[in-house]
Every structure is written in C-alpha cells, then in structure tokens.
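Throughout, protein chains are lettered first and strands after them, A, B, ... in sequence-line order, and every chain is numbered starting at 1. What you see is a predicted model, and the numbers here were worked out from it, not measured in a lab.
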Number of protein chains: 2
Amino acid sequence: MTRRRATIDDVAAQAGLSIKTVSRVLNGEPNVRPQTRDRVLAAAKGLAYQPNVSARRLASKRSFVIGLLYDNPDSDYVMAIQDGALAVCRRLDYHLLIHPCRTLAPSLVDEAVSLHHRSTVDGLILTQPVADFEPLIRALIEADIAFVRISQRDSAGDSPCVSVDDERAARLMTDHLILLGHTNIGFIIGHPDHGSSHDRLLGFRASLQAHGLSPDRAPVEQGLYTFDSGFACAQRLLARDPRPTAIFASDDHMAMGVLTAAYEKKLAVPAELSVCGFDDTPMARYACPPLTTARQPIRQVARVATECLVNRLQGKDPGERRYVLESKLILRESTSRCGTRR
Amino acid sequence: MTRRRATIDDVAAQAGLSIKTVSRVLNGEPNVRPQTRDRVLAAAKGLAYQPNVSARRLASKRSFVIGLLYDNPDSDYVMAIQDGALAVCRRLDYHLLIHPCRTLAPSLVDEAVSLHHRSTVDGLILTQPVADFEPLIRALIEADIAFVRISQRDSAGDSPCVSVDDERAARLMTDHLILLGHTNIGFIIGHPDHGSSHDRLLGFRASLQAHGLSPDRAPVEQGLYTFDSGFACAQRLLARDPRPTAIFASDDHMAMGVLTAAYEKKLAVPAELSVCGFDDTPMARYACPPLTTARQPIRQVARVATECLVNRLQGKDPGERRYVLESKLILRESTSRCGTRR
DNA sequence: TCGTTGAGTAACAGCGCTGTCAGCCGGACG
DNA sequence: CGTCCGGCTGACAGCGCTGTTACTCAACGA
C-alpha cells in the first residue's frame with residue numbers, strides 16, 4: 001500500500017521527456033511547448049507527483065522559507081502578523097518559520113545569521129522591537145542577508161521597512177479628545193524600546209501644539225505596553241492636581257489598566273474620565289465601556305513586508321524602500337465631551 | 001568578504017579526516033575516538049562551519065520539521081501552544097512549521113498529506129478542533145504519517161493524544177459554586193466542534209448530580225467560545241425565571257460576554273450574579289471584576305505533545321498513548337456566596 | 001601461532017532536484 | 001543555397017550531506 005513516492009524521474013519517464021523538461025514545466029520556466037507542458041502535467045497528476053522540497057532547496061540553493069522574528073507579548077499582534085505573512089507565503093509558495101526571541105540577548109544575532117547560513121531561511125522579517133535592534137541590523141547587512149523591517153524608525157543602510165503612520169494616528173486621536181473639550185489630557189508612553197512609542201508621543205504633542213496647548217505642561221507617564229504599567233501610570237496621573245479629564249494610553253493593554261484604575265477610584269468612564277487606547281486589540285471592543293482606539297492594518301503591514309521581502313529574494317527590486325500604511329480611528333464609548341455626565 | 005560557506009568537505013580536509021567521520025561527530029554517532037572528535041570539533045569551529053540543513057534533509061530523508069495544525073480564533077491559546085512546541089523543538093533541534101487552517105475544508109486533508117509527501121514535515125501536531133476532524137485522522141493513519149493529537153476525544157486507531165482533564169476541572173468549578181450556596185447555576189456550552197465543550201458539560205453535570213441537584217433541570221445554553229455567543233447566551237439565561245444566581249461559561253471569552261450582559265442589565269457581579277470562566281486567558285485577570293476561572297497548562301500540553309511526536313519520529317515508542325494533564329482553579333472576584341451583597 | 005573480533009575510519013553511491021551547456025530543428029535572412 | 005538565430009529539449013554534473021559497505025588494526029583467545 002505504501003508505495004514509493006513518485007520522483008521527477010518517474011514523471012519524466014511517464015511523459016517520455018527528460019527530467020529537465022519536467023522541472024521546467026513545474027517551475028513555470030519559459031520555452032516549453034504547450035503540448036509538452038500538458039503531457040508533463042498529465043503525467044504528474046497521474047502519478048500524484050509531489051516535488052521533494054529538500055532536493056529542490058539543495059539544488060537551487062534557496063530554501064523558499066522566510067523567517068519571522070518577533071519579541072512581543074501581545075498575542076493578538078503576533079497572530080495578526082503571522083496571519084498576514086502566511087497569506088502571502090501561501091500565495092507565493094514560500095514557507096514561514098516563526099522565531100520568537102528575546103531582543104536583548106546578543107545571541108539573537110548569531111541565531112539569525114545561523115538560520116541563514118544553514119540555508120534554513122532565505123530572508124527575514126523583523127517586527128518591533130527586534131526591527132530596531134541595531135546590532136542585528138548591522139550583522140544582517142554585513143552578512144548580506146535579505147530582510148525587511150516592520151518599524152517606523154530609520155535604521156542603518158536604509159533597509160526596506162514597512163510601518164504604520166503612528167504619529168498621524170496619535171495626532172488625530174488627540175485632536176478628537178481636544179474637540180471633545182479636553183484640555184488637560186494625560187498621556188501614557190509605550191515601551192521605550194519600541195519606535196512606535198516615540199511616534200505616538202510625537203503625534204500627541206503635535207496635536208496639543210496645533211491647538212495652542214503646551215505639550216510640555218501635559219501630564220505624561222512612562223509605561224511599558226502592559227496592563228500593569230497602564231494601571232500604575234493611571235494611578236499617578238489621577239493623583240495629579242488638577243486631575244486630567246482624559247487619558248490617552250499608547251496601547252489598549254495600558255488603556256485597560258487605566259479603565260481599572262478609574263474603576264477602583266470610582267471614576268465613571270467616560271463621564272468623569274475619557275479614556276482611549278491604541279491598536280484596537282480584540283478586547284477593546286469588549287471592555288467596559290468599549291474603548292475608543294486606533295485600528296492598525298497589522299495584517300496588511302505583514303503582507304506588504306512579506307511581498308517586499310520575496311520580491312527582493314527574487315531579484316525584483318522595487319524602487320520603494322519605505323511603505324507607510326494608515327491607521328483608522330475607532331470611536332467607541334470610552335470617550336465623551338469633557339464634563340458631560342450621562 | 002563574503003567567502004564561500006564552509007562545507008563538510010572543508011572541515012574534513014582541515015581535520016585530515018573523511019567527511020563521514022565529520023558527519024559522525026556532528027550527529028553524535030558512536031565509535032569515534034575522543035581525540036578524533038576533538039579534531040573535528042576544532043576544525044568545525046575554526047571554519048565557523050554550519051551544516052546545510054537541506055543537504056542533510058535530502059540525504060537522511062527526514063526534514064526535522066514538525067507541522068502544527070490549528071484552527072483557533074483565540075490568539076492566546078495559539079501563542080501558548082506555539083510557545084510550548086517551540087521550546088521542545090529548539091531543545092531537540094527540530095523546526096516548527098505553523099499551519100493555521102479551516103477545519104471544514106476537505107482540502108485540509110490534502111494539504112496535510114502533501115506537507116508530508118513533499119518531505120516538508122516529518123510529523124504533525126493537531127490541536128482542537130483539527131484534532132477531532134475524523135477524515136484527516138483517517139487519512140494520516142492511512143498515509144502512515146506520524147502525528148499527535150491535542151484533544152480529549154478518542155479517535156480512530158488510538159493515536160497518541162495529549163489532553164487536559166476538562167471534566168474534572170469543570171466538576172471542581174461547579175463544586176466551588178455549589179459550596180458558595182448556588183443551586184440555580186446557568187451553564188454555557190462551548191463550540192460543538194470542540195471535544196472540550198463536551199467534557200466541560202459532563203463535569204458540570206457530574207457535580208450537580210453529586211450534590212443532589214438535577215442536571216437535567218439546570219439552565220443550559222449552547223455557545224461558540226466567543227464573546228458574542230457568551231453575551232447572547234447570558235441574555236437568555238438572565239431572562240429565565242427563576243434567574244440563575246451564577247453562570248458558568250465554558251471559556252473566558254464567553255464569560256466576558258456574560259459580564260457585559262450583566263453590566264447592561266445592571267446586575268452586580270458577584271453580588272447578584274457569580275460568573276466564572278475557563279482557560280485563564282490573560283484578560284481574565286483584567287476583567288472587571290477579575291474572573292474566577294480554570295488555568296490550563298497549555299504550554300505543557302504542547303511540550304508533551306511535541307516530545308511525544310519527536311520520540312515517535314525517532315523510533316523510540318514510549319508505551320504511553322494518552323497523556324492527561326490537570327487544570328487548576330483560579331479563584332478571583334467574580335464569584336461569591338449566593339445572595340451576598342458586599 | 002593464527003584466526004577472530006570489534007572499534008574506528010574511509011570510499012563511494014546516492015538522495016531528487018536545478019543549472020549549465022550543448023544539440024536539434026525550422027524559419028528568416030543575405 | 002548557406003548561415004544564423006531563437007525556441008525547444010536533453011545530457012550531465014553537481015548541490016552537501018548520510019547510509020552502506022568495506023577496510024585497517026590492535027586486542028584477544030584457542
């Protein structure tokens with residue numbers, strides 16, 4: 001029952017052609033007569049032929065695998081990235097190798113280079129904060145390993161990168177709060193290792209400035225993109241005098257922490273405190289009250305990055321080096337006009 | 001700068017030995033003198049030699065890759081599974097290929113078999129509900145493809161499987177509610193395709209029975225392991241007369257839905273309604289109030305499954321075919337004594 | 001003394017593909 | 001009519017490793 005699996009030789013024999021011609025057909029190479037092509041395809045189908053990827057990899061010196069490096073505690077983010085990358089991989093007949101890691105470990109550099117040198121992967125996609133880890137970037141460039149960064153921060157050797165316009169989205173979010181009449185808006189910065197934290201702060205400050213409010217006097221706390229850090233920062237912000245009437249947390253996890261801090265302080269949201277987050281994680285919709293936030297096209301970011309990487313691997317170098325996608329404000333019930341009691 | 005990468009021939013030449021001996025050392029095969037071994041290792045190190053995985057795969061007819069099949073909307077669950085599987089893979093020098101999919105598609109069977117026939121993967125780990133997808137199981141057995149299921153449901157050919165004792169945990173959770181004085185406990189069943197749903201219901205009923213309460217008269221609704229389904233089921237449960245004083249949702253997502261339904265009905269949790277979930281997803285801790293739930297050792301389940309699979313791939317067949325791990329009750333603030341107003 | 005043994009090593013033939021290059025053939029062109 | 005060219009195909013040499021087989025040599029017992 002368990003017959004030997006058909007090889008390219010079997011297909012060639014069956015079709016009465018050379019294995020090279022079979023190879024050409026299967027790889028979509030030019031210069032094959034349609035009639036020949038059909039014969040090959042028929043034979044392949046008849047034998048239920050499945051090319052052996054290992055042999056292909058060895059002979060072609062390419063692995064058709066791309067590696068995805070990340071170090072992110074947010075499952076939803078990681079899943080979305082994986083999802084987007086996988087969608088493109090399937091379409092282009094590549095495989096995806098996930099490689100979660102710890103940014104800080106210098107061994108990461110060796111790991112990444114090794115992945116390539118063992119010809120396990122052809123190229124890498126780096127997400128934040130790995131994408132901003134300079135030693136790695138330099139090593140990859142030096143070793144001539146193809147990669148695409150998902151990050152808004154510039155980096156050595158203007159490597160291609162894909163990002164979301166965090167600054168603009170943060171500016172729009174702040175505009176939204178200001179339009180609701182808030183003038184004393186607390187801000188919680190994200191993790192210092194992430195470029196996004198910086199950009200979101202910039203957007204916040206830009207909006208204040210544009211509306212004649214002093215960015216330097218705005219109450220700001222440093223968080224870590226975690227629920228607990230959001231909770232702690234909110235406690236500090238809410239202890240200030242005058243108390244902010246709105247808090248803009250740089251991500252939804254911290255915003256959830258803010259919500260809990262408000263709950264414990266018996267502050268009604270949004271009546272007494274408007275709260276907004278960032279990222280539109282699934283739970284944002286289910287928070288009490290549902291969170292106003294900014295939705296990032298994460299899947300698309302991953303798709304663009306993957307496409308870009310594969311293009312580079314195939315030698316098609318599109319002029320483009322930076323792709324910037326835009327987020328969208330999602331207005332829910334956690335923000336309302338300043339001083340409104342519902 | 002970009003010199004040709006060292007191959008096994010270079011190492012052999014450098015060490016003054018045959019490539020076969022180098023291969024033996026690098027693969028930990030026996031019958032090599034310690035002194036010879038050292039010479040090989042020194043040469044390999046000196047040349048920064050990295051074995052080419054593609055060549056190894058082709059020659060050994062093994063890919064050293066295991067595939068992970070899942071179809072699960074819960075990012076936290078998937079991440080935990082990936083995490084556990086990766087930990088073992090790294091230790092045993094395997095790679096992990098993730099393969100999210102749609103259970104219902106019959107093409108999944110072809111995909112899975114194809115993954116193996118192209119020698120992309122040596123074996124597969126199946127999580128629920130894929131693990132309970134009979135056509136796939138049968139196809140894998142027929143094609144003689146190694147796999148391990150993560151599921152509590154029995155399946156054709158008593159294939160190895162790893163699971164969590166859901167029934168016991170659900171029983172303990174129900175015991176907990178009954179001990180708090182609840183006698184009218186609503187239950188929300190999970191997704192019908194998941195074996196866990198069934199087991200949790202069994203545990204619930206067993207506990208009622210054991211305490212002299214009639215399982216058949218308990219208010220039960222069919223959910224889908226989603227927030228929205230939990231919300232809808234809760235609305236129906238809370239509309240019943242007499243109204244349940246506690247609701248046991250088969251997972252945390254649905255429990256969150258219950259919380260929201262209670263919030264909209266202005267029912268205080270836990271004073272007027274105790275709520276408990278299952279799974280201890282990260283958000284359970286951050287719910288308002290924090291959810292009483294059952295924590296599953298998901299990472300460990302994945303670790304055990306991966307180890308089991310690799311063992312089978314390496315021919316070491318441990319007698320064990322079923323591994324059952326235990327969950328742990330996590331008591332938080334969403335459950336309290338029946339009728340207590342705090 | 002000589003065969004026997006087994007640990008240690010090497011030679012060599014693939015694994016199943018792709019890349020290179022050479023060959024064939026028919027049509028365009030001078 | 002010969003030459004050239006481009007489309008199409010095949011022969012063949014690897015890609016870098018592992019499995020198999022065979023060989024060498026010291027230790028050992030009859």
Side-chain angles (χ1 to χ4, degrees), chain A residues 3-40 43-44 47-65 93 114 116-120 122 313-315, chain B residues 3-40 43-44 47-65 93 114 116-120 122 313-315:
Chain A
R3 275 219 322 291
R4 188 178 63 87
R5 234 119 60 206
T7 71
I8 197 170
D9 297 272
D10 301 324
V11 178
Q14 173 88 15
L17 293 161
S18 75
I19 59 169
K20 181 61 214 184
T21 302
V22 174
S23 168
R24 262 192 283 263
V25 170
L26 266 26
N27 288 290
E29 288 173 34
N31 301 341
V32 179
R33 256 186 310 180
Q35 180 201 339
T36 310
R37 176 178 309 274
D38 292 343
R39 255 162 69 204
V40 169
L47 295 167
Y49 170 66
Q50 301 269 23
N52 181 312
V53 278
S54 298
R56 189 157 104 107
R57 287 173 182 175
L58 179 58
S60 68
K61 301 189 169 191
R62 296 193 290 156
S63 67
F64 302 96
V65 173
D93 211 20
S114 168
H116 185 261
H117 281 188
R118 289 160 169 263
S119 83
T120 305
D122 288 341
L313 292 176
Q314 299 182 340
Chain B
R3 275 217 324 289
R4 187 178 64 87
R5 234 118 60 206
T7 71
I8 199 171
D9 297 274
D10 301 325
V11 177
Q14 174 88 14
L17 293 162
S18 76
I19 60 169
K20 182 59 214 184
T21 300
V22 175
S23 169
R24 262 192 286 264
V25 171
L26 267 25
N27 288 291
E29 289 173 33
N31 301 341
V32 180
R33 256 186 308 182
Q35 180 200 340
T36 310
R37 177 178 307 274
D38 292 343
R39 257 162 71 203
V40 169
L47 295 168
Y49 171 66
Q50 300 270 24
N52 180 312
V53 278
S54 298
R56 190 158 105 106
R57 287 173 181 175
L58 180 58
S60 68
K61 301 189 167 190
R62 295 192 291 155
S63 68
F64 302 95
V65 172
D93 211 21
S114 168
H116 185 262
H117 281 187
R118 289 159 168 264
S119 82
T120 305
D122 288 341
L313 292 176
Q314 299 182 341

Looking at the side chain of B:A55, which of D:dC17, C:dT18, C:dA10 is the nearest nucleotide? D:dC17
Nearest whole Å is fine: how far is D:dC17 P from A:R118 CZ? 10 Å
Check the distance between D:dG16's C1' and B:L47's CG and give it to me in whole angstrom. 15 Å
Any side-chain N or O of A:S23 below 4.0 angstrom from OP1/OP2 of C:dC17? no
Please determine, for the side chain of A:K61, which listed nucleotide (C:dA10, D:dG16, D:dT9) has the closest atom? D:dG16
Whole-Å distance between C:dC17 C1' and A:R56 CZ? 9 Å
Can you check the A:H117 NE2 to D:dC17 P distance for me, whole Å? 14 Å
Taking only N and O in the side chain of B:S18, is any of them less than 4.0 Å away from OP1 or OP2 of C:dA11? no
By the 4.0 Å heavy-atom rule, please label A:P30 as base, sugar-phosphate, or nothing. nothing
Nearest listed nucleotide, side chain of B:K20, among D:dC17, C:dA10, C:dT20: C:dA10
Atom CG of A:L26 to atom P of C:dG19: distance rounded to whole Å? 13 Å
So what does A:I19 hit on the nucleic acid, given a heavy-atom distance under 4.0 Å: a base, only sugar-phosphate, or nothing? base
Between CZ of A:R5 and P of C:dC15 the distance, given in whole Å, is 14 Å
Judged by modelled atom types alone, do B:R5 and B:N52 share a side-chain donor-acceptor pair under 3.5 Å? no
Checking A:D38 side chain against A:Q35 main chain: does a donor-acceptor pair fall under 3.5 Å? no
Between A:R24 and B:G16, name the one whose nearest nucleotide on DNA chain C is closer to the 5' end. B:G16
A:L58 CG to D:dG14 P, straight-line distance once rounded to whole Å: 14 Å
Is B:S23 close to B:L26 at the side-chain level, that is, under 4.5 Å between some pair of heavy atoms? no
Just call it for A:D9: base, sugar-phosphate, or nothing, with non-hydrogen atoms closer than 4.0 Å on any strand. nothing
So what does B:S54 hit on the nucleic acid, given a heavy-atom distance under 4.0 Å: a base, only sugar-phosphate, or nothing? nothing
Protein-nucleotide distance (B:I8, atom CD1; C:dC12, atom P), rounded to Å: 17 Å
To the nearest 0.5 Å, tell me how far B:I8 CD1 sits from B:K20 NZ. 8.0 Å
Could you tell me whether A:N31 contacts a base, only the sugar-phosphate backbone, or nothing, with contacts defined as non-hydrogen atoms closer than 4.0 Å? base
Applying a 4.0 Å non-hydrogen cut-off, can you work out what B:V53 is touching in the nucleic acid: base, sugar-phosphate, or nothing? nothing
Measure from the side chain of A:T21, starting at C-beta and using heavy atoms only, and say which of C:dC15, C:dT18, D:dG10 lies closest. D:dG10
Closest nucleotide among D:dT18, D:dT9, C:dT9 to the B:L17 side chain: C:dT9
Establish, from distance only, whether the side-chain atoms of B:S60 and B:R56 form a donor-acceptor pair under 3.5 Å. no
Residue-phosphate contact under 4.0 Å: A:S60 side-chain N/O, C:dT18 OP1/OP2: no
With a 4.0 Å limit, can you tell me whether A:R33 has a side-chain N or O closer than that to the phosphate oxygens OP1/OP2 of D:dT9? yes
Under a 3.5 Å distance rule, please check whether A:S63 uses its side chain to pair with a backbone N or O of A:D122 as donor and acceptor. yes
Just to confirm, is there a sub-4.0 Å distance from OP1 or OP2 of C:dT18 to any side-chain nitrogen or oxygen of A:N27? yes
